Amino acid sequence: MIDLRALRDDFEAVAAALTRRGVDRAELERLAEQDARRRALIVEGDQLRSQRKQAGKAIGQASSPEERERLIAQTKEASTRLSEVEAEQAQIEADLDAALAHLPNLPHPDAPDGHDEDDAVPVRWFGTAPQHTAPARDHVELGEALGILDLQRAAKIAGTRNALLRGPAVWLELGLVRYALDYLDARGHTPVIPPVLVREHALYGTGFLPGSAEEIYHVPADDKYLVGTSEVPLAAMHDDEILDSADLPLRYAGFSTNFRREAGAHGRDTRGLMRVHQFDKVEMFSFTTAEQSDDEHERLTTMQVELLEGLGLHGRVVDIAVGDLGASAQRKYDCEVWLPGQERYRELTSCSNCTDYQARRLRCRHRAHPEEDTALVHTLNGTACAVGRTIAALLETHQRADGTVAVPETLVPYVGLDVLTPPA
RNA sequence: GGUGGAGUCGCAUAGCCUGGCCUAGUGCGCCGCACUCGAAAUGCGGUAGGGGCUUUCGCCCCUCGUGGGUUCGAAUCCCACCUCCACCGCCA
């Protein structure tokens, strides 16, 4: 949620920033008008309540029954008017909240213009491009040939866009998770395994609701939701808390299974591990002060690159265009890895600075001393390892002409294997 | 799933039956001041969050789990819901 006060006090700046993201200026003007009306109602309501309070005291101390009746009649009028004012205020606040809930975050001034992934601007490259003598095979072909990926049976059990890993792929998955968690733990990110079936509030607080409802699995019997990323429970950990500024940045590494309906993705990535309804992921999450968040964004992005480089993958970091940002993000970097089987760069990880947008909804604040005012924290999230996509990239990158796939050196101790070999 | 209990200003509690001197008391914690060479102890004062108004100083309103209701007036009465705890049953 954006700051309504900023919209009031600095309308032109907010309007300029949000129109970059495609928000209609007229809508913002309407919001500003509603805000003014709301405040006028607050003033009137406060006055009426104040009157009523005074009168109520006088009634309690009335000297005679006649005096008492007279005062009661007077107060009745104020109460009637107050109920009208309160009704109008409630209505306008409901409208305002609904409209605000749909507004995206103000973009970073340096985030590039544009509408979709093609407008993203590459900012750096990492690793070296793999050289294959034979034409590269894609991860589905490789996984099936190695006997570690069974998509037919996954579909039989659960429908399309599901995967079944078996044998060495399981060690690969668990090794990747431990590799990422070890890396993060050593850098101050506390490992967390959070709940993945959560209340609506957690999704609202992180900005996924009401905007992305069609992407989220809902369990109506209990009115709960399966999260699409552990960003959701990690952010909600400090819902309605006032953190000690000295404890910031507060850093976590969440591991969870993630569920996504992929409602708008018909026809895209229908094969393999790139886009499935259920996948495991290690996620980084940081709570920082407003002053720290830009640096923390760079820090998380750097760690993402190191994690991918450590796996011998080649790719680039792109600065996502404002029109392609998620609602909560002020700026987002994606790490795109070269997939030899597809002959293109594909997003493997992604890192967003959400500034105070989630914190305002979550009422997550910090302060240094009891006598100071509170300030909203900034929240940031980034993928450390999206396991399915990473396995795809590893298979395609490290495949060899003889049909085997090398396990990168850093991963060998975690996986317990140095090569994946087709069954005899 | 069943039964019972409980949600009050950081923590612990009083207040609710009997609505109005509740501007929510008390203890602990915390901050400041005094005393002290310093500290402890002691004394005094302060100590929530949010919103609005205001050039300033300040002032006002809301929040006693949440939302409704009754009433001139609700922490207090009524209804619904949420959450937590205990025990029983079932269960990895």
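All of these numbers come straight from a predicted model, not from anything done at the bench. To find a chain, count down the sequence lines: A is the first, B the second, and so on, and within it residues start at 1. Below, all heavy atoms of this structure are taken into account, side chains as well, without hydrogens, waters or symmetry copies.
- Looking only at atom types and distance, the side chain of Lys281(A) has no donor-acceptor partner in the side chain of Thr383(A) under 3.5 Å away.
- A donor-acceptor contact closer than 3.5 angstrom links the side chains of Gln358(A) and Thr379(A).
- The cationic atom of Arg361(A) (NZ for Lys, CZ for Arg) lies less than 6.0 Å from the six-membered ring centre of Tyr204(A) and within 45° of the ring axis.
- With respect to Pro249(A), the side-chain contact (heavy atoms from CB on, under 4.5 Å) criterion is satisfied by exactly one of His378(A), Arg299(A), Gln292(A), His189(A): Gln292(A).
- The stretch residues 198-206 of chain A comes close to RNA chain B through Arg199(A), each having a heavy atom under 4.0 Å from the strand.
- Scanning residues 87-103 of chain A for heavy-atom distances under 4.0 Å to RNA chain B yields an empty list.
- Between the CG atom of Asp240(A) and the P atom of rU83(B) there is a distance of 16 Å, given to the nearest Å.
- Counting to the nearest Å, the C1' atom of rC21(B) and the NZ atom of Lys53(A) are 14 Å from each other.
- rG10(B) atom C1' lies 14 Å from atom CG of Leu243(A), rounded to whole Å.
- For the 3.5 Å distance criterion, the side chains of His201(A) and Asp239(A) qualify, holding a donor opposite an acceptor.
- Going from atom CD of Glu86(A) over to atom P of rG67(B) covers 13 Å, rounded to whole Å.
- When the nearest nucleotides of RNA chain B are assigned to Thr374(A) and Asp46(A) by heavy-atom distance, the more 5′-ward of the two goes with Thr374(A).
- For Arg5(A), counting side-chain heavy atoms from C-beta on, the closest listed nucleotide (rC62(B), rG51(B), rC60(B)) is rG51(B).
- Positionally, the nearest nucleotide of RNA chain B for Arg38(A) lies more toward the 5' end than for the other of Ser79(A) and Arg38(A).
- Using a 4.0 Å cut-off between a side-chain N of Lys or Arg and a carboxylate O of Asp or Glu, Asp240(A) and Arg365(A) qualify as a salt bridge.
- Take Gln152(A) and apply the side chain to side chain donor-acceptor pair (under 3.5 Å) test, not counting sequence neighbours, and it matches no residue.
- Residue Asp239(A) contributes atom CG, which lies 15 Å from atom C1' of rG50(B) at whole-angstrom precision.
- Protein atom CZ of Arg360(A) is 12 Å distant from nucleotide atom P of rG50(B), rounded to whole Å.
- Between Thr75(A) and the phosphate of rG73(B), there is no side-chain N or O to OP1/OP2 separation shorter than 4.0 Å.
- Under the side-chain contact (heavy atoms from CB on, under 4.5 Å) rule, Leu395(A) has a single partner from Val405(A), Leu149(A), Thr390(A), which is Val405(A).
- In this structure, Tyr252(A) has its ring center closer than 6.0 angstrom to the ring center of His238(A).
- Using a 4.0 Å heavy-atom criterion, one finds that Arg365(A) contacts the sugar-phosphate atoms exclusively.
- In this structure, the nucleotide among rC62(B), rG52(B), rA48(B) sitting nearest to the side chain of Arg367(A) is rA48(B).
- At whole-Å resolution of the value, CD1 in Ile42(A) and P in rU63(B) are 14 Å apart.
- One interatomic measurement links the two molecules: CZ of Arg52(A) to C1' of rC60(B), which rounds to 14 Å at whole-angstrom precision.
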